[in-house]
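Just so it is clear, the values below take in all heavy atoms, side chains as well, and ignore hydrogens, waters and symmetry mates. Keep in mind that this is a model prediction, so the values were computed, not measured.
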Amino acid sequence: WKAAATYDRMLLREKLCRKRGREAVNIAVCDDQLEELKAVESLLRAWQEQQCAAIRLHLFHNAGELLDAARKERFTLYLLDVMMPGTSGMAAAREIRTFDSAADIVFLTSSPGFAYESYGVKAMEYLLKPVRAQTLHPILDQLWQREQRPQDSLTLKTGGTLIRIPFSQLAFVDGYSKYSNLLFSQ
């Protein structure tokens, strides 16, 4: 029952923050170590309380689960452990980039050896564990500021892939039932 009460408080907080005109940020965290996952969740919840930020937090124990979810819904931010059994966080990031180039990726790892490789997937940041509020919260602040600006693109799901089309490239949009027609400007 404690978990249900906590979940109800989170939903109420999200509704209150939304009433203030703030949209929820969808965050995925993937780490195979339960202690690390809980520590990052705690940092995210503390930041949420501090900022009255509406976030939807999704926790994953392996990259396979994360990738399945990422193909079905858009995440604003991925917090990925680099070294995990099976599919690594770096391999997951490469896969994510095949269908979502706009999401932010932050790597969380105990090894600085993969920092250079993180540039290849356009990672926003590379943080060494244990992750601290002083390093994670400024990243969340930057993301939150950006997400609260008016949207400048249209996000569509087509064939299981999320694509974003800048409004500046659209001349006309028409929708009927589950079909849409887009006319692009020259």
- Is the shortest heavy-atom distance from the side chain of I105 to the side chain of K122 under 4.5 Å? no

- Query: NZ/K38 to CZ/R45 distance, rounded to the nearest 0.5 angstrom?
  - Reply: 13.5 Å

- Message: How close do A70 and F99 get, counting heavy atoms only, and between which atoms?
- Response: O-CE1, 3.4 Å

- Query: Considering only heavy atoms from C-beta outward, does the side chain of D141 approach that of W47 to under 4.5 Å?
  - Reply: yes

- Go through R71 and E95 one step at a time and tell me if the salt bridge (charged side-chain N to carboxylate O under 4.0 Å, His left out) criterion holds. CA-CA 10 Å; R71 288 183 185 100; E95 178 69 22; 3.0 Å; yes

- Query: Any side-chain heavy atom of M83 within less than 4.5 Å of one from S110?
  - Reply: yes

- Interatomic spacing from CG in L44 to CG in L77 - rounded to 0.5 Å: 8.0 Å

- Should M84 and Y78 be regarded as members of a common hydrophobic cluster, given that ILVMFWY residues are connected when their side-chain heavy atoms come within less than 4.5 Å of each other, either directly or indirectly? no

- Item | Side chain proximity check, E36 to L108, heavy atoms < 4.5 angstrom | no

- Message: Any side-chain to backbone donor/acceptor pair from H58 onto L66? Under 3.5 Å, distance only.
- Response: no

- Message: Any heavy-atom pair between the side chains of N26 and E73 that's under 4.5 Å?
- Response: yes

- Can N62 and D32 be said to form a side-chain contact (heavy atoms from CB on, under 4.5 Å), step by step? CA-CA 6 Å; N62 64 65; D32 61 313; 6.0 Å; no

- Query: Atom NE2 of H137 and atom CH2 of W144: how far apart are they, to the nearest 0.5 Å?
  - Reply: 13.5 Å

- Item | Verdict with supporting geometry, L127 and L79, side-chain contact (heavy atoms from CB on, under 4.5 Å) | CA-CA 10 Å; L127 302 178; L79 298 170; over 6 Å; no

- A102 and R97: which non-hydrogen atoms are nearest, and at how many Å? N-NH1, 4.2 Å

- Message: Looking at every non-hydrogen atom in both residues, tell me the closest pair between L80 and G89 and how far apart they are.
- Response: CD1-O, 3.6 Å

- Are Q145 and Q142 close enough that some pair of their side-chain heavy atoms sits under 4.5 Å apart? no

- Closest approach of A63 and S88, non-hydrogen atoms and distance? CB-O, 4.3 Å

- Might you work through the side-chain contact (heavy atoms from CB on, under 4.5 Å) test for D31 and V40, ending with a clear yes or no? CA-CA 9 Å; D31 197 314; V40 172; 5.8 Å; no

- Query: Is the shortest heavy-atom distance from the side chain of L37 to the side chain of D81 under 4.5 Å?
  - Reply: no

- Message: Do I27 and T76 make a side-chain contact, defined as non-hydrogen atoms from C-beta onward lying under 4.5 Å apart?
- Response: no

- Candidate pair D104 and R146, rule side-chain contact (heavy atoms from CB on, under 4.5 Å), full reasoning: CA-CA 11 Å; D104 287 306; R146 188 191 72 221; 2.6 Å; yes

- Query: Measuring from L143:CG to E125:CD, what's the distance to the nearest 0.5 Å?
  - Reply: 12.5 Å

